Amino acid sequence: MTTHDAVTRLLDARRLQGLLTNQSGRVIAQYSFLNSEGNSSLSHLADISGETARRITRGDQSIGPAALSENGTIVFASKRKGEDGKDAESPSLWALPDNGEARKLADHEGGFSRIEVKGETIIVEFPVHTWAADENDHQEFSSERSDAKVSGILHTGFPIRRWDHDLGPGRQTLAVAFLDEAATDFPEVGDELSAPAGLSFRYLSLPSGRLVDWAVDDEARFVLVQLEKPIPGQLEASEIWRVDLDGEPELHRLTKPATDHSFDIEAISLDGAKALITRVQSWTPQANLSAELMVLDLETAELNPVWPDADFWFSPIWVDDSTIVATADDHGRGSIFIGGLDDAQPRRLVGGVDQKYSFSGLALREDTVVATASAIDVAPLPISVDLGTGVISELANPATVLDEEGTLTEVEVRAEDGTPIRAWLVLPEGEGPHPLVVFAHGGPWGSWNAWTYRWNPGPFAAAGYAVLLPDPAISTGYGQAMIDRGQQQLGGTPFTDIMTLTEAAGKRTDIDSERIALAGGSYGGYMANWVAGHTGSAFKCIVTHASLWNTTSMGRTTDNSSWDQAMREQSAQYSPHLFAEDIEVPMLVIHGDKDYRVPIGQGQELWLDLLTQAKTPLDADGDTQHRFLYFPDEGHWILGRGNAEVWYRTVLAFLDTHVLGIDANRVRTLG
């Protein structure tokens with residue numbers, strides 16, 4: 001298979017995005033696929049409860065957030081054509097019964113961010129105008145602002161933007177409505193649709209702060225909300241409140257804001273008496289990031305640890321009021337655990353080092369859980385797991401089943417301090433020796449343990465490269481000690497771990513140790529920059545995407561307020577920009593202008609320093625060998641179909657030039 005074929009097959013594949021379930025056994029998959037023009041993706045829903053996947057939504061606009069009720073009705077947000085034949089400006093809310101056509105329930109300027117349905121109660125999160133008390137106010141004020149072409153946003157807190165979008169001018173809030181207030185006489189398939197009575201949304205009165213997360217109990221009696229607000233010493237301190245939905249709304253604060261830790265909402269128990277939350281220890285110069293699963297009594301606000309002897313970061317759900325099932329990263333793979341609320345630690349239901357799957361998105365369905373499974377060489381697929389036996393069953397899959405490129409194996413060695421460390425290694429066809437590209441993962445908390453469309457080794461293996469995917473210090477799934485080894489020295493132990501694993505891979509007879517490159521994005525881009533300034537000409541070239549260059553200016557411009565404090569002491573030693581003059585090899589810099597996590601200024605500073613300080617030789621024409629691939633309309637991740645192809649082709653051409661000595665003007669990636 002040619003490189004072009006491998007890239008096209010990867011980017012054109014249908015992708016599983018998530019699963020919805022109910023206790024009656026229905027399973028709905030949300031998945032994406034290319035539009036008819038082949039230049040962007042659409043997201044739609046398929047029923048995968050039976051032996052085959054059956055698409056159940058239509059149209060040339062994507063399905064946004066969706067929820068599945070116990071009676072089988074799906075409530076979702078999507079743009080549809082209006083009576084004038086034009087697409088709506090904002091997604092509307094629709095209800096799709098188990099059999100029949102979708103019917104519009106409501107419009108809302110700004111669309112819907114999240115939807116939950118409990119019985120006949122629907123709870124939505126959406127943006128509303130700051131002054132609005134109800135939907136009439138919101139529509140009036142929003143129209144007035146739009147007609148006046150006002151774009152200014154007045155802020156009172158941090159952040160002012162998040163990930164890839166501006167925050168404001170509205171505020172995210174929660175609203176409640178009742179499905180039985182809207183028309184329920186759904187037409188049969190093919191019948192002409194008539195406009196139903198619209199839902200009447202009531203805004204919830206929330207405490208002050210920025211809405212971060214929320215969960216609603218099964219009886220729709222209350223919601224738990226996680227809010228962030230500034231306190232002395234912490235710009236984004238979080239607290240959890242209970243907001244009652246029955247009768248007169250009441251507010252109960254369950255956790256207090258703190259400077260050194262926060263709490264994340266996980267799941268409310270079936271009886272509504274407890275909630276699983278995660279206590280996150282903040283990363284500071286004095287403490288390392290850690291996560292502890294806890295149970296919160298919703299009446300007394302008492303907190304107690306769950307599975308205190310387990311050394312994993314869990315994503316849990318309730319099976320019953322005393323049993324929990326959870327996913328976790330696990331030594332370059334993943335596991336699903338099950339245990340009682342009072343157990344010291346759970347038992348592994350499925351997963352671990354004897355298999356290669358990673359698991360995510362658990363949801364309960366009768367006596368099973370459904371989840372998404374994937375691996376480095378297996379695209380995401382829907383599965384169910386028997387809670388008694390741990391037997392995995394594959395469900396009908398609306399996504400593309402992709403044949404793996406190359407052969408997957410592992411490299412395992414001991415680090416300089418004696419810690420066992422490991423990496424996945426993807427080998428291309430043939431005996432070799434093969435050129436090698438090393439991928440440094442982002443995070444910095446993360447693991448190469450699941451399928452990825454952004455840093456997929458398949459196209460590189462198709463191009464003849466072996467790909468090393470190391471899990472160094474700060475990688476998840478290896479216990480807190482692995483985090484602690486590198487948290488206070490981002491360019492220390494994580495760097496030496498990667499170099500140790502690279503050296504071990506280079507000693508293999510099927511790897512060409514003289515032709516090695518390194519690439520990474522986000523924290524992996526930080527590592528790429530650090531490697532560039534500390535390894536001379538050991539690597540033929542470096543690819544750095546959305547990368548941290550000057551960790552001091554990064555901390556003052558990112559949307560993540562914790563970074564500035566966390567790196568204040570490290571920056572003097574571990575900021576890559578301090579070593580610009582030591583860079584010898586060509587670098588490909590990639591950055592998106594809409595990246596607010598690692599702002600574009602990091603790429604601009606790096607580019608200037610490469611052109612003015614690095615000692616990389618000029619080419620035969622006297623021009624720089626460095627390159628800057630800039631995306632004006634992309635954020636931290638390159639999401640556009642065409643841009644993603646340009647990303648892969650540019651990276652591969654850069655590697656070809658400097659690792660293989662192939663002229664980049666030869667369009668190898670066209671097959």
Side-chain angles (χ1 to χ4, degrees), residues 331-332 376 406-428 432-444 446-449 455-457 460-461 463-475 478 482 485-486 489-545 547 574 576 579 582-588 651-652 654-655 658-660:
H331 294 81
I376 295 297
T407 302
L408 187 65
T409 185
E410 289 183 82
V411 175
E412 298 177 288
V413 294
R414 289 196 175 269
E416 289 182 351
D417 62 3
T419 302
I421 53 176
R422 56 163 301 284
W424 290 111
L425 177 63
V426 180
L427 295 168
H434 307 289
L436 176 69
V437 56
V438 181
F439 283 1
H441 71 60
S447 172
W448 288 119
N449 67 343
W455 287 89
N456 191 282
F460 296 86
Y465 292 93
V467 182
L468 185 71
L469 303 139
D471 275 358
I474 320 185
S475 295
Y478 301 88
M482 184 66 93
R485 291 177 64 236
Q489 44 166 320
L490 293 192
T493 305
F495 165 65
T496 58
D497 282 0
I498 288 176
M499 296 304 296
T500 299
L501 285 161
T502 301
E503 181 181 4
K507 291 179 179 178
R508 294 173 56 107
T509 58
D510 49 7
I511 298 296
D512 185 345
S513 62
E514 299 299 318
R515 296 191 296 172
I516 302 179
L518 185 136
S522 195
Y523 171 72
Y526 165 95
M527 183 56 63
N529 295 339
W530 185 262
V531 166
H534 288 82
T535 57
S537 59
F539 294 94
K540 293 298 184 183
C541 63
I542 303 288
V543 178
T544 182
H545 171 105
S547 67
Y574 290 116
F579 305 92
D582 297 322
I583 295 176
E584 299 182 19
V585 299
M587 294 188 69
L588 170 61
V651 171
L652 284 162
F654 193 75
L655 295 176
H658 300 291
V659 177
L660 303 184

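Just so you know, these numbers come straight off a predicted model, no measurement behind them. Atom set for the values below is all heavy atoms of this structure, side chains included, hydrogens, waters and symmetry mates excluded.
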K.L.:
Would you indicate whether the side-chain heavy atoms of Tyr478 and Thr419 approach each other to under 4.5 Å?
P.N.:
no

K.L.:
Kindly indicate whether the side chain of Arg485, heavy atoms from C-beta on, has any atom under 4.5 Å from the side chain of Asp497.
P.N.:
yes

K.L.:
So, using salt bridge (charged side-chain N to carboxylate O under 4.0 Å, His left out) as the criterion, who are the partners of Asp512 when residues are at least two apart?
P.N.:
Arg515

K.L.:
Should Leu468 and Ile498 count as side-chain neighbours, where that means a heavy-atom distance under 4.5 Å?
P.N.:
no

K.L.:
Applying salt bridge (charged side-chain N to carboxylate O under 4.0 Å, His left out), can you list everything that pairs with Glu503, at least two apart in sequence or on another chain?
P.N.:
Lys507

K.L.:
CG of Leu518 to CG of Leu655: how many Å apart, nearest 0.5 Å?
P.N.:
10.5 Å

K.L.:
Quick one: CG on Leu469 to CD on Glu410, what's the gap to the nearest 0.5 Å?
P.N.:
11.0 Å

K.L.:
Would you name the heavy atoms of Trp448 and Asp471 that are closest together and state the gap between them?
P.N.:
N-OD1, 2.9 Å

K.L.:
I need the Thr409 OG1 to Leu425 CG distance, nearest 0.5 Å.
P.N.:
6.5 Å

K.L.:
State whether the side chain of Trp424 and the backbone N or O of Gly332 hold a donor-acceptor pair below 3.5 Å, judged by distance alone.
P.N.:
yes

K.L.:
Please report the interatomic distance CH2(Trp530) to OH(Tyr523), rounded to the nearest 0.5 Å.
P.N.:
10.0 Å

K.L.:
Specify the closest pair of heavy atoms between Val438 and Leu436, including all atoms of both residues, with the distance to one decimal.
P.N.:
CG2-CD2, 4.1 Å

K.L.:
Could you report the tightest heavy-atom contact between Gly520 and Ala528, atom names first, then the distance?
P.N.:
N-CB, 4.3 Å

K.L.:
Determine the minimum heavy-atom distance between Gly536 and Val585, stating which atoms define it.
P.N.:
O-CG1, 3.6 Å

K.L.:
Can you name the nearest heavy-atom pair linking Pro420 to Met482, along with the distance?
P.N.:
O-CE, 4.1 Å

K.L.:
What are the two closest heavy atoms between Ser513 and Gly506, and how far apart are they?
P.N.:
CB-O, 3.5 Å

K.L.:
For a side-chain contact (heavy atoms from CB on, under 4.5 Å) with Pro472, tell me which candidate from Met499, His441, Met527 qualifies.
P.N.:
His441

K.L.:
If we only count heavy atoms from C-beta on, is the Thr535 to Phe495 side-chain gap below 4.5 Å?
P.N.:
yes

K.L.:
If you round to the nearest 0.5 Å, how far is CD1 of Ile511 from CG of Leu427?
P.N.:
5.5 Å

K.L.:
Measure the spacing between CG of Leu588 and CZ of Phe654 and express it to the nearest 0.5 Å.
P.N.:
5.0 Å

K.L.:
Would you indicate whether the side-chain heavy atoms of Tyr526 and Pro444 approach each other to under 4.5 Å?
P.N.:
no

K.L.:
Answer whether the closest heavy-atom distance between the side chains of Ile421 and Val413 falls below 4.5 Å.
P.N.:
yes

